[in-house]
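Here's the structure, in structure tokens; my notes come after.
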Amino acid sequence: MPELAKAYEPSPVEEKLYAAWLDSNCYHASPESTKPAYSIVIPPPNVTGVLTMGHVLNNTIQDILCRKARLDGHEVLWLPGTDHAGLATQTAVEKALRKPDELPPRVREVLESLDHVWDRTQNKPKLALNRHNIGREALLKLIWAWTKDRGGIIIQQLKKLGCSCDWERERFTMDPAYHQAVQEAFVNLYHKGYIYRGNRMVNWCPASLTAISDEEVISTPQKGKLFTMRYEVQERPGVFLEIATTRPETLMGDTAVAVNPRDPRYQSYIGQHVLRPFPPASIPIVADEHVDFEFGTGVLKVTPAHDKADFEIGQRHNLPIIDVLTPDGKINCPAVPELHGLDRFEARKKSVEMLQALELLVKEEPYDNNVGFSERGQVPIEPRLSEQWFLDYRKMLGGTMIEEALKAVREQVIRFYPERWEKVYNHWLENIQDWCLSRQVFWGHRIPVWYRNGQTKAQRESPGAEWIQDEDSMDTWASSWLWAYATMDEPTRKKFYPTNALVTGPDIIFLWVARMIIAGLEFNPAQSAADPGSRNYLEANRAFKDVYFTGLIRDKQGRKMSKSLGNSPDPLALISKFGADGIRFGLMRIAPQGQDIRFDEKQVEEGRNFCNKLWNACRFRTMHGEIDPLADPSQHKLSPFAEHILQTLDAVITKIDAGFKNYEFSLIASTLYEFVWDDLCARYLETAKADFQNPDSPTRAGTLATFDYVLNKVLRLLHPYTPFLTEELWLELGFSKETIQFQPWPTVSHFTFSNAGPQLARDLYATVDTSRRLRGEFLIALNKKVAFKLKTPHPITNDELSVLSSLINAESLELVSEAPAKTPMLFSPLGDLYLPLDGLIDLAQEKIRLEKEILKAQTDLDREQKKISNEKMCANAPAEKVLEWKQLAQEAQEKLTNLQSQLSQL
RNA sequence: GCAGCCUUAGCUCAGUGGUAGAGCAUUACCUUGACACGGUAGGGGCCACAGGUUCGAACCCUGUAGGCUGCACCA
């Protein structure tokens with residue numbers, strides 16, 4: 001038996017084992033396997049990203065599920081990969097290009113090969129390195145080089161965490177096969193008539209110069225100002241209408257003012273005109289229900305080009321649309337030279353000054369409102385009219401998509417954990433808006449639509465030389481919504497689709513989760529012949545059976561983790577300090593279902609300590625002889641402590657099985673923590689020392705066998721959470737020569753023993769809770785009248801024998817003189833106990849203890865008697881409850897009497 | 001405005017009708033023979049507040065307050 005190190009050192013073990021696992025190719029999922037399938041697709045991280053605590057949480061959970069499924073005998077596919085993350089990656093690369101000298105060598109090399117932007121003689125760029133100067137083709141080359149350079153990082157980091165992905169199947173959303181699937185999906189939707197190109201109001205990001213979808217707009221409260229200005233009524237010289245606005249800089253684009261037709265203040269003005277000050281124009285006063293007459297003055301300036309609601313009013317009243325902003329958010333209005341070319345926020349100040357000068361500004365008051373921000377550009381979005389591609393969700397699946405998508409979740413064909421996210425999902429689907437699919441971004445899947453002389457064709461390949469492809473690319477989510485099946489080839493899909501679980505954060509429930517469900521229903525990847533409205537169809541084409549929503553990881557103060565706050569710990573540093581198992585276990589222990597987590601390094605430290613505790617329990621075991629991998633406690637005479645831990649282990653297995661069914665990961669972790677720390681180490685191990693050190697003990701073999709049996713199961717139970725530690729111990733202790741990863745999941749044992757042994761152990765543990773005190777104290781706790789026999793190597797006086805007898809409240813205590821043991825042993829009909837005599841020495845201490853006990857017993861008794869004497873209470877409580885109280889009262893009474901008699905004998 | 005979640009020890013959180021729990025922190029003691037990444041003993045709580053249901057509420061119901069999140073509005 002090898003001597004284990006005094007403390008568990010994770011790093012070398014992790015390195016060694018992970019390499020061995022990869023060598024054995026054990027994570028490769030075979031479609032030909034006859035084992036039942038279990039599959040998960042990873043939520044693909046950004047290809048250029050690095051591991052965050054969020055990834056650690058998310059991927060630990062997936063790894064736990066996959067490892068558990070392997071122990072359950074499944075053929076497991078955990079499919080890894082990365083997302084090209086269109087705009088995000090393009091923005092990152094463009095930013096990096098501003099400092100060409102700091103570029104990674106491979107990217108720099110590509111840059112230097114671009115003759116149109118790189119001056120080789122001077123070794124510097126000829127032009128500013130932005131996407132317009134570089135051009136589509138060259139920028140894509142640079143981004144490809146960038147992704148090749150950075151793309152492997154996060155994958156390597158996931159391996160450090162111990163993730164058991166099928167790395168041979170790593171996918172990237174820009175892989176040729178995946179690209180083809182994305183294009184096919186678009187073309188398919190186009191030909192079904194679900195996709196259209198339209199000139200509509202979109203959310204425009206003036207920093208990234210692209211449209212973004214509603215889901216990517218983040219509304220943020222801003223301290224702004226509400227300006228009230230006045231326009232003169234043309235038909236009534238000298239009469240002014242007061243108008244409230246937060247955006248005076250757009251007034252050049254006003255083509256009407258609107259009032260509510262039911263507003264008595266303004267009814268007589270409807271149909272008349274007001275004079276817009278600059279550029280001067282007469283614009284009509286229209287009546288529109290949209291106007292809230294509580295807000296401001298009840299008069300709304302209508303700027304159809306720069307506000308969604310105003311655009312709709314404009315449509316209703318046939319108003320002209322005057323665009324006064326450039327795509328990058330500057331004023332475009334040569335008629336007003338003071339403002340022309342100014343940034344929109346500078347123009348706001350300037351236009352207020354101009355209104356003031358014309359005496360048209362009535363007042364200016366502070367006003368908090370919510371402003372939509374672009375997630376990527378970190379600037380307020382600008383509603384803007386532009387030509388984009390849209391998907392009309394409502395037409396999908398022959399018009400029944402929304403209904404079916406709701407049904408799938410409502411009828412739990414797809415189950416959400418925790419369930420409450422169903423409401424959020426339902427609400428989104430019920431109020432769904434068309435999806436703006438196109439992006440003015442180079443990096444991504446280009447829209448597969450071609451134009452020639454006013455003709456339009458949607459197909460994957462160019463129809464011919466004169467045809468020109470649409471310039472735009474698709475929203476990155478219009479590629480990742482196919483991730484659950486487009487990552488699989490035909491045989492793989494047959495075996496592993498639908499996937500079993502999706503583990504992700506609720507922040508992308510609309511962006512990704514709901515859309516994956518929709519894609520599954522629409523594209524029928526299972527090639528189901530069933531009617532799309534049928535349950536069979538839903539079951540065959542659900543992207544996943546269960547969705548587990550993790551919480552967000554926050555810092556200790558409850559703030560989101562972010563780079564700018566610098567409150568995001570580096571998971572790799574934590575792994576090297578505390579071990580992958582430490583971070584995994586520590587995090588899982590405090591990550592209840594769907595609750596946000598306040599993260600603190602202490603938790604990881606606890607995880608590490610736990611690993612070390614188990615390590616040392618095993619180390620202790622190895623000091624007492626060879627492990628028997630087939631140990632069967634039922635073949636041996638068992639101490640009460642052995643019987644107790646066997647019984648407890650069964651309860652633990654039952655609890656963990658239920659936990660896995662309900663995705664209660666922190667419950668499972670706590671259960672294992674308590675079992676290992678308290679039951680195994682603090683109690684069983686301490687009591688087992690007696691047997692281990694005493695060759696004469698009749699229960700020694702049973703105690704050893706039980707230890708081996710328990711460890712054997714515990715290692716397997718823990719393996720999903722702490723794969724490295726458990727594998728190392730499994731192999732080192734010699735439970736098997738084979739990896740632990742495919743061993744069967746432990747089941748509840750079928751041992752039968754009378755409850756007396758475990759009960760005796762429980763009594764002892766309850767009174768004398770933890771380890772070392774047991775030596776002297778558990779005797780006191782023995783309150784049962786039993787006939788004991790004592791073997792002891794030490795000389796023992798009759799007085800001592802009688803004190804001992806009274807302490808343990810023995811019916812009788814007989815000293816067995818023949819063949820004295822090497823250590824004292826106490827034999828009882830309930831089990832044999834190791835008996836160090838140290839405990840007898842300090843009787844004074846025991847006396848204090850007894851007094852405490854008596855106090856507690858007295859309170860117990862009082863409480864139970866109070867319950868029993870409450871007639872109303874007894875009349876209404878269930879009969880068995882009342883019986884229980886009486887029993888408890890009786891026991892408390894007995895205990896009290898016992899303790900008192902013990903005290904008097906001390 | 002609508003919806004969801006949260007409020008329990010100094011901190012981070014479990015608990016879900018029947019005696020208030022864990023880890024960390026803290027106090028005292030212990031180099032001890034698996035483990036100082038350890039052990040023993042302690043201190044620390046009107047379970048946010050107010051009503052209600054119940055023999056009994058941290059737990060169920062209603063309301064209030066505070067915090068967080070999402071959606072809508074956002075002139």
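Numbers restart at 1 for each chain; the letters A, B, ... are given by sequence-line order, proteins then strands.
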Taking only the [atom1] atom of each, what is the distance from [N] to [M] in whole angstrom?
N	M	atom1	answer
B/C24	B/G56	P	39 Å
B/A65	B/A28	P	45 Å
B/U16	B/C60	C1'	10 Å
B/G15	B/G21	P	16 Å
B/C59	B/A48	C1'	15 Å
B/U53	B/A57	P	11 Å
B/U19	B/U62	P	26 Å
B/U8	B/A14	C1'	10 Å

Checklist entry - Is the ring centre of A/Phe665 less than 6.0 Å from the ring centre of A/Tyr721? => result no
Checking all strands, does [X] fall into the base, sugar-phosphate, or nothing category for heavy-atom contacts under 4.0 angstrom?
X	result
A/Val302	nothing
A/Ser670	nothing
A/Gln603	sugar-phosphate
A/Leu685	base

[X] [atom1] to [N] [atom2]: how many Å, rounded?
X	N	atom1	atom2	value
A/Trp428	B/A72	CH2	C1'	16 Å
A/Glu419	B/C5	CD	P	12 Å
A/Leu667	B/A22	CG	C1'	13 Å
A/Asp507	B/U69	CG	P	12 Å
A/Asn612	B/C37	CG	C1'	5 Å
A/Leu429	B/C71	CG	C1'	14 Å
A/Leu729	B/C35	CG	C1'	13 Å
A/Arg683	B/U40	CZ	P	10 Å

Item to check | A/His624 or A/Lys602, whichever maps to the more 5' nucleotide of RNA chain B | outcome: A/Lys602
Checklist entry - Given that A/Ser219 and A/Ala7 both sit by RNA chain B, which one's nearest nucleotide is further toward the 5' end? => result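 The residue whose closest nucleotide sits nearer the 5' end is A/Ala7.
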Out of [options], which has the shortest distance to the side chain of [X]?
X	options	value
A/Asn616	B/A34, B/A25, B/G38	B/A34
A/Arg589	B/C71, B/A22, B/G38	B/A22
A/Asn609	B/G38, B/G23, B/U12	B/G38

Checklist entry - Under 4.0 Å between a side-chain N/O of A/Lys613 and OP1 or OP2 of B/G23, yes or no? => result no
Next on the checklist: Do A/Trp428 and A/Glu215 pair up side chain to side chain, a donor and an acceptor below 3.5 Å, judged on atom types alone?
Outcome noted: yes
Item to check | Side chain A/Lys6 and base B/C35 donor-acceptor under 3.5 Å | outcome: no
Checklist entry - Between the side-chain atoms of A/Arg619 and the base atoms of B/C35, is any donor-acceptor pair under 3.5 Å? => result no
Can you name the salt bridge (Lys or Arg N to Asp or Glu O under 4.0 Å) partners of [X], sequence neighbours left out?
X	answer
A/Arg262	A/Glu289
A/Glu601	A/Lys577
A/Arg276	none

Next on the checklist: Run through RNA chain B and report every stem of 3 or more consecutive Watson-Crick or G-U pairs, distances under 3.5 Å, ordered by first number.
Outcome noted: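 RNA chain B stems, ordered by first number: B:1-7 with B:65-71, B:10-13 with B:21-24, B:26-30 with B:38-42, B:48-52 with B:60-64.
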Next on the checklist: Quick check against the 3.5 Å criterion: does A/Asp288 have a side-chain atom that pairs as donor or acceptor with the backbone of A/Ile313?
Outcome noted: no
Would you tabulate the side-chain donor-acceptor contacts of residues 4-11 of chain A under 3.5 Å, counting partners in other chains and residues two or more places apart, or write 'none'?
none

Checklist entry - In terms of side-chain geometry, is the basic nitrogen of A/Asp678 or A/Arg683 positioned less than 4.0 Å from the acidic oxygen of its partner? => result no
Item to check | Partner set under ring-ring contact (aromatic ring centres under 6.0 Å, His included) for A/Phe416, not counting sequence neighbours | outcome: A/Tyr425, A/Phe549
Next on the checklist: Restricting to ring-ring contact (aromatic ring centres under 6.0 Å, His included), what partner residues turn up for A/Trp204, sequence neighbours left out?
Outcome noted: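 A/Trp204: no ring-ring contact (aromatic ring centres under 6.0 Å, His included) contacts found.
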Can you pull every protein N or O that's under 3.5 Å from an N or O on nucleotides 2-4 of chain B?
{"unit_1": "B/G4", "atom_1": "OP1", "unit_2": "A/Lys423", "atom_2": "NZ", "d": "3.3"}

Checklist entry - Do the numbers put A/Arg589 on top of the ring of A/Tyr673, so that NZ or CZ is under 6.0 Å from the six-membered ring centre and no more than 45° off the axis? => result yes
Checklist entry - What pairs meet the side-chain hydrogen bond (donor to acceptor under 3.5 Å, both in side chains) rule with one or both residues in residues 241-256 of chain A, with sequence neighbours excluded? => result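 Those involving residues 241-256 of chain A are A/Tyr231-A/Asp254, A/Arg247-A/Glu249, A/Arg247-A/Glu382, A/Glu249-A/Arg348, A/Thr250-A/Lys301, A/Asp254-A/Lys301, A/Asp254-A/Thr303.
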